[in-house]
Amino acid sequence: MTDPTDPKPPTSLTAPTSPTGHDGLVRRVAARAAAETGALPPPVDAARLAEAEARLGFALHPLLARLYRETADGGFGPDYRLLPLSGPADSVVGAYLTWREESAGAAHPVWPEGVVPILTWGCAMYAAVDCRHEDGQVLLFEPNAHGGGPWDRCWFLDSPGLAAWLETWLVGTGWFEEDAAGRDGVTDPRPWPGAAGRLAAPAA
C-alpha cells in the first residue's frame, strides 16, 4: 500500500530556494537566531548549496534550503541547534552519507533515502527532514531502544512539516522544551507510518 505521506521525490536536483508563503517565518527564525546566538556562521551561497545537493543526490526541501541560504550555515534552532550543511560527519551531508553507507546492502537498513539529519538531540538521536515530502515532514530518529531486526520502530513523526516544526520552536510548544510536559499545545512524536516502506531493502 502506498503511504500518502511519502510522495515521489522531486525530479530536479536543485530545489527552488524561495518558496512562497514562508517569508515571514524565515525572518522570524533569523531574528531569533541572531538574538540567541550572536555571531552566526555566514549563510551558504548558491555554489555550496548546489555542491551539497550533488553529493546528496537530491534537492533539499525548499524551506530548509532557504534557512541555509538566508539565515546561517547551521548554529541556530532548538537545543543543540542545526548542523552545518556540509563538511565531515557532523554536518547534514556528512551524517546523511555516513548513515546511508551503513544502510547500503544491509538486511535491515537504518536510514531512509531522502531524509537528511539536521540536528542532534544527543544520545545518537536526530531530528531529520524528509526532502521527498512536500511539506518537509520532520522525523525523530531514536535508536536507543533498538534490540535488533528492522529499524522502523526507531522512527517517529515529530511534525507534519518543517514550517510547523519551526513554529513550535518559535512559540515554545515543542516537546523538546524543558517545561513541555503537560503543557497545552505540546504533542509528543508518534510512530512514523511510512518508516517500514521507506526502510525496505531494495530488491536484489
Side-chain angles (χ1 to χ4, degrees), residues 1-13 15 52-65 74 77-80 82-166 168 174-176 187-204:
M1 180 180 295
T2 301
D3 181 355
T5 67
D6 293 328
K8 294 179 180 180
T11 55
S12 62
L13 180 62
E53 292 183 326
R55 292 181 64 198
L56 291 169
F58 55 86
L60 289 181
H61 183 271
L63 178 54
L64 183 61
D79 210 52
Y80 287 93
L82 267 65
L83 298 168
L85 179 59
S86 56
D90 56 344
S91 68
V92 172
V93 174
Y96 174 80
L97 295 178
T98 296
W99 283 114
R100 289 294 294 163
E101 183 178 354
E102 291 187 14
S103 295
H108 301 295
V110 60
W111 200 273
E113 189 275 335
V115 174
V116 293
I118 62 166
L119 176 153
T120 176
W121 296 117
C123 300
M125 297 186 295
Y126 281 90
V129 172
D130 185 359
C131 295
R132 287 178 51 178
H133 189 273
E134 181 179 4
D135 295 322
Q137 62 185 352
V138 179
L139 306 170
L140 168 66
F141 175 58
E142 210 295 60
N144 295 293
H146 184 250
W151 288 85
D152 56 284
R153 294 183 180 179
C154 297
W155 285 92
F156 298 84
L157 181 62
D158 186 338
S159 174
L162 179 57
W165 186 79
L166 291 168
T168 67
W175 61 267
F176 43 79
T187 303
D188 290 333
R190 59 190 186 276
W192 178 28
R198 292 283 290 277
L199 289 170

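For reference, positions follow the sequence shown, starting with 1.
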Inset, instruction - Can you establish whether the number of heavy atoms outside Glu101 located under 6.0 Å from its atom CD is more than 12? - result: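 Incorrect, the count does not exceed 12.
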Inset, instruction - Give a yes or no on whether Arg100 atom CZ has more than 12 heavy-atom contacts from other residues, nucleotides or ligands under 6.0 Å away. - result: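 Yes, because the 6.0 Å sphere around CZ of Arg100 holds more than 12 heavy atoms from other groups.
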Legend entry - Residues Leu63, Val129; criterion side chain to side chain contact (heavy atoms under 4.5 Å, CB included); working and verdict: CA-CA 10 Å; Leu63 178 54; Val129 172; over 6 Å; no
Tell me the closest heavy-atom pair linking [X] and [Y], and the distance in Å.
X      : Y      : answer
Trp121 : Pro78  : CH2-CB, 4.0 Å
Ala128 : Val115 : CB-CG1, 3.5 Å
Ala164 : Ser159 : CB-OG, 3.5 Å

Can you measure from [atom1] ([X]) to [atom2] ([Y]) and round to the nearest 0.5 angstrom?
X      : Y      : atom1 : atom2 : value
Leu56  : Glu113 : CG    : CD    : 9.5 Å
Arg55  : Ser91  : CZ    : OG    : 6.5 Å
Leu139 : Leu157 : CG    : CG    : 6.0 Å
Thr168 : Trp175 : OG1   : CH2   : 10.0 Å
Asp130 : Leu162 : CG    : CG    : 11.0 Å
Asp152 : His146 : CG    : NE2   : 8.5 Å

Would you call [X] and [Y] a side-chain contact if the rule is heavy atoms closer than 4.5 Å?
X      : Y      : answer
Pro143 : Val110 : no
Leu64  : Val92  : no
Trp155 : Arg198 : no
Pro160 : Asp135 : no

Inset, instruction - Could you label the plane-to-plane angle of the Trp111 and Tyr126 rings as parallel, tilted or perpendicular, counting under 30° as parallel and over 60° as perpendicular? - result: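 If you compare the ring of Trp111 with that of Tyr126, the planes turn out perpendicular.
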Legend entry - Pair Asp158-Trp165, side-chain donor/acceptor within less than 3.5 Å: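 Asp158 vs Trp165: donor-acceptor pair found between side chains.
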Legend entry - Residue from Phe156, Tyr96, Trp99 passing ring pair (Phe, Tyr, Trp, His ring centres under 6.0 Å) with Phe141: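 Result: among Phe156, Tyr96, Trp99, Trp99 is the only option passing the ring pair (Phe, Tyr, Trp, His ring centres under 6.0 Å) with Phe141.
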Mark yes or no for whether [X], through its side chain, and [Y], through its backbone, hold a donor-acceptor pair below 3.5 Å.
X      : Y      : answer
Asp79  : Phe176 : no
His61  : Arg132 : no
Thr120 : Met125 : yes

Inset, instruction - Would you sort out whether Glu142 and Asn144 count as a side-chain hydrogen bond (donor to acceptor under 3.5 Å, both in side chains), showing the intermediate values? - result: CA-CA 6 Å; Glu142 210 295 60; Asn144 295 293; 2.7 Å; yes
